[in-house]
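Predicted, not measured: the structure shown is a model, and the values here were computed from it. By convention in this document, chain letters (A, B, ...) are assigned in the order of the sequence lines, proteins followed by strands, and residues within each chain are numbered from 1.
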Amino acid sequence: MQIYLDNAATSMIKPEIVAKSMYKFMINNGTTSGRGSYKKAIQSDRLVYETRKSVASLFNFDNPKNVIFTSNITESLNLAINGILKEDDHVITSSLEHNAVWRCLKTLEKDRSINISKVKASTEGFSNPQDVENAIQENTKLIIFNHASNVLGTIQPIKEIGKIAKKYNIPFLVDTAQTAGTYPIDIQNDNIDLLAFTGHKCLFGPMGTGGLVINWDGNINPLKSGGTGGDSAYEYQPNYYPNKLETGTLNVSGLVGLGEAIKFINKEGIQNIHNKEKELIKYTLRKLQDIDSIEVYGPKDSEKIVGVISFNMKNKIPEEVAYELDTKYNIMVRAGLHCSPNAHELIGTKSIGTIRIGIGYFNEKEEIDILINALKEIAND
Amino acid sequence: MYLESIDLRFIQPCTTHTSRIRIKADLSRDTSELFPYINSYIKSCLYNNKSQNITFTYEGKIITIFKESLTITKLINETDAYEMMDYVKNIINKIYNDKDFIEPSYEMNKLPSPIELYKLLPKLNCKKCGEATCMSFASKLLNGQSSLKRCLHMYECCNNENLEKLEDMLLTIGYEV
């Protein structure tokens with residue numbers, strides 16, 4: 001029996017219909033969407049549109065044209081950040097960003113002389129919206145925050161930060177890698193201008209899907225130039241969405257799978273998914289804290305985190321523990337810095353990293369019990 | 001559901017606005033019984049009772065619903081096309097559901113006069129369309145007895161603006177262009 005607890009990396013277990021629908025599409029259709037003008041291409045197009053609509057409606061957004069598909073959330077974030085920031089612009093971000101944001105910003109710091117203000121966070125990963133407001137300057141052109149940390153799980157105060165961003169007319173970009181599908185997100189109510197999402201984590205879609213939902217009317221320069229299925233004689237990217245920022249052949253089979261995955265989530269209900277995970281998180285935190293030699297990081301409160309829990313074991317390096325969990329107990333977790341050096345800096349684990357478990361909708365209490373027993377045995381070794 | 005689906009059949013660029021597209025789509029059933037209700041429900045609808053179609057504009061696009069098909073012009077891209085088809089499907093189903101509360105209107109579209117069309121033609125009387133004069137071509141266009149494509153001079157660059165106006169006029173009457 002294998003136990004998968006790395007849902008923060010990807011949702012290994014997906015609803016069966018996701019893979020089935022992708023297979024069906026590849027066998028029965030398999031054409032590219034675009035102005036093909038034959039029936040199958042038109043069907044392919046329609047399927048992509050339906051997924052655009054589903055994504056929009058999942059986030060309470062009513063404009064499918066502004067749902068841009070990308071190959072993953074890293075691309076979405078790169079697209080928004082590179083597309084908006086210019087020379088000498090100022091950007092405000094959290095102290096827990098993933099490298100998808102952090103490396104992107106550091107590169108622009110080097111190439112376009114942008115200035116970065118990192119809003120400080122507590123050792124548990126809490127950020128104060130007031131600190132965001134205090135950091136705003138005349139040339140602040142973008143505010144970027146992850147919705148929840150992929151190391152500490154801490155849910156960030158998106159709604160309040162979004163409200164501040166609106167007050168100063170600064171676009172607000174939110175990285176929903178750890179929350180879309182598992183935590184209710186409302187692009188209007190949560191004051192989000194640019195919502196980056198990934199298809200393959202809590203949305204249960206396949207890898208190779210993701211996108212950016214644009215609830216903002218400012219200009220975003222395209223990251224890529226290429227064919228958009230129309231206007232071919234015009235030698236630049238067209239000025240309308242989604243084609244301006246979406247170019248080349250789409251991962252149509254992937255988007256078909258993503259469409260089915262979102263249908264599944266709507267059927268189960270995000271609130272039900274969230275409640276089940278919250279119970280599991282609560283249970284896991286309690287059990288983990290019972291083991292003396294284990295130090296758990298982050299808020300240790302199921303109301304304040306998503307299913308991401310980082311911890312370390314006394315006298316053992318994270319990779320060792322992860323290795324034993326995998327080889328002896330068939331339990332999959334992740335060890336290391338998790339591409340978020342800033343978050344580790346907060347908790348003092350920048351040199352050793354942490355063991356991270358990612359709890360998902362398909363995990364069960366029994367699996368947590370097996371994990372806890374395994375950890376106890378490893379600790380006593 | 002009354003109208004189960006609208007299926008896109010054909011996409012082509014708009015004639016003058018080459019960055020826009022127009023589409024033809026099939027309706028999963030005949031909705032012509034609802035036309036008088038649509039005529040009443042949607043303001044500024046043009047009901048062509050004789051040729052059994054109904055035209056209205058929405059967000060700058062011209063939508064013409066025939067017995068079992070529709071055309072939409074001036075769309076931005078495919079996503080726009082699907083959004084508009086969703087809009088039409090939803091509104092048809094809504095009108096069907098609320099039928100008992102809507103007073104049907106049989107008020108017909110007032111056709112433009114041939115002179116209104118003539119004003120937009122090249123007025124060269126070149127006879128290439130098969131008619132002796134542009135005025136008689138205009139009448140034939142109005143009766144659906146000739147097609148705008150027969151006037152070769154219309155498609156010259158200098159006539160672009162008038163071509164678009166003529167196309168819109170003919171589309172609004174319910175003719176395909």
Should the heavy atoms of other residues, nucleotides or ligands under 6.0 Å from [atom1] of [X] be counted, would the total exceed 12?
X: Asn219(A); atom1: CG; result: yes
X: Tyr2(B); atom1: OH; result: yes
X: Asp217(A); atom1: CG; result: no
X: Lys123(B); atom1: NZ; result: yes
X: Gln145(B); atom1: CD; result: yes
X: Glu116(B); atom1: CD; result: yes
X: Lys119(B); atom1: NZ; result: no
X: Met135(B); atom1: CE; result: yes

Legend entry - Arg46(A)/Asp86(B) salt bridge by N-O under 4.0 Å criterion: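 Result for this pair is yes, salt bridge flagged.
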
Inset, instruction - May I ask you to test the Asn77(B)-Lys65(A) pair for a side-chain heavy-atom distance under 4.5 Å? - result: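 A side-chain contact under 4.5 Å exists here.
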
Legend entry - Residue pair Ile76(B) / Tyr241(A), side-chain heavy-atom distance below 4.5 Å: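 In short, these two side chains do not touch, never coming nearer than 4.5 Å.
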
Inset, instruction - Can you tell which part of Pro238(A) gets under 4.5 Å to a heavy atom of chain B, answering side chain, backbone, both or neither? - result: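 Neither part; nothing is under 4.5 Å.
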
Distance check, rounded to the nearest 0.5 Å: [X] atom [atom1] versus [Y] atom [atom2]?
X: Lys39(A); Y: Leu8(B); atom1: NZ; atom2: CG; answer: 12.0 Å
X: Lys53(A); Y: Tyr82(B); atom1: NZ; atom2: OH; answer: 11.5 Å
X: Asn243(A); Y: Glu78(B); atom1: CG; atom2: CD; answer: 7.0 Å
X: Asp80(B); Y: Tyr49(A); atom1: CG; atom2: OH; answer: 9.5 Å

Inset, instruction - May I ask you to list the residues in residues 14-23 of chain A that approach chain B closer than 4.5 angstrom, counting heavy atoms only, ordered by number? - result: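 Within residues 14-23 of chain A, near chain B: nothing under 4.5 Å.
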
Inset, instruction - With sequence neighbours left out, write down each residue that passes side chain to side chain donor-acceptor pair (under 3.5 Å) with Ser105(B), or none if nothing qualifies. - result: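 Partners of Ser105(B) by the side chain to side chain donor-acceptor pair (under 3.5 Å) criterion, ordered by chain and then number, come out as Asn39(B).
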
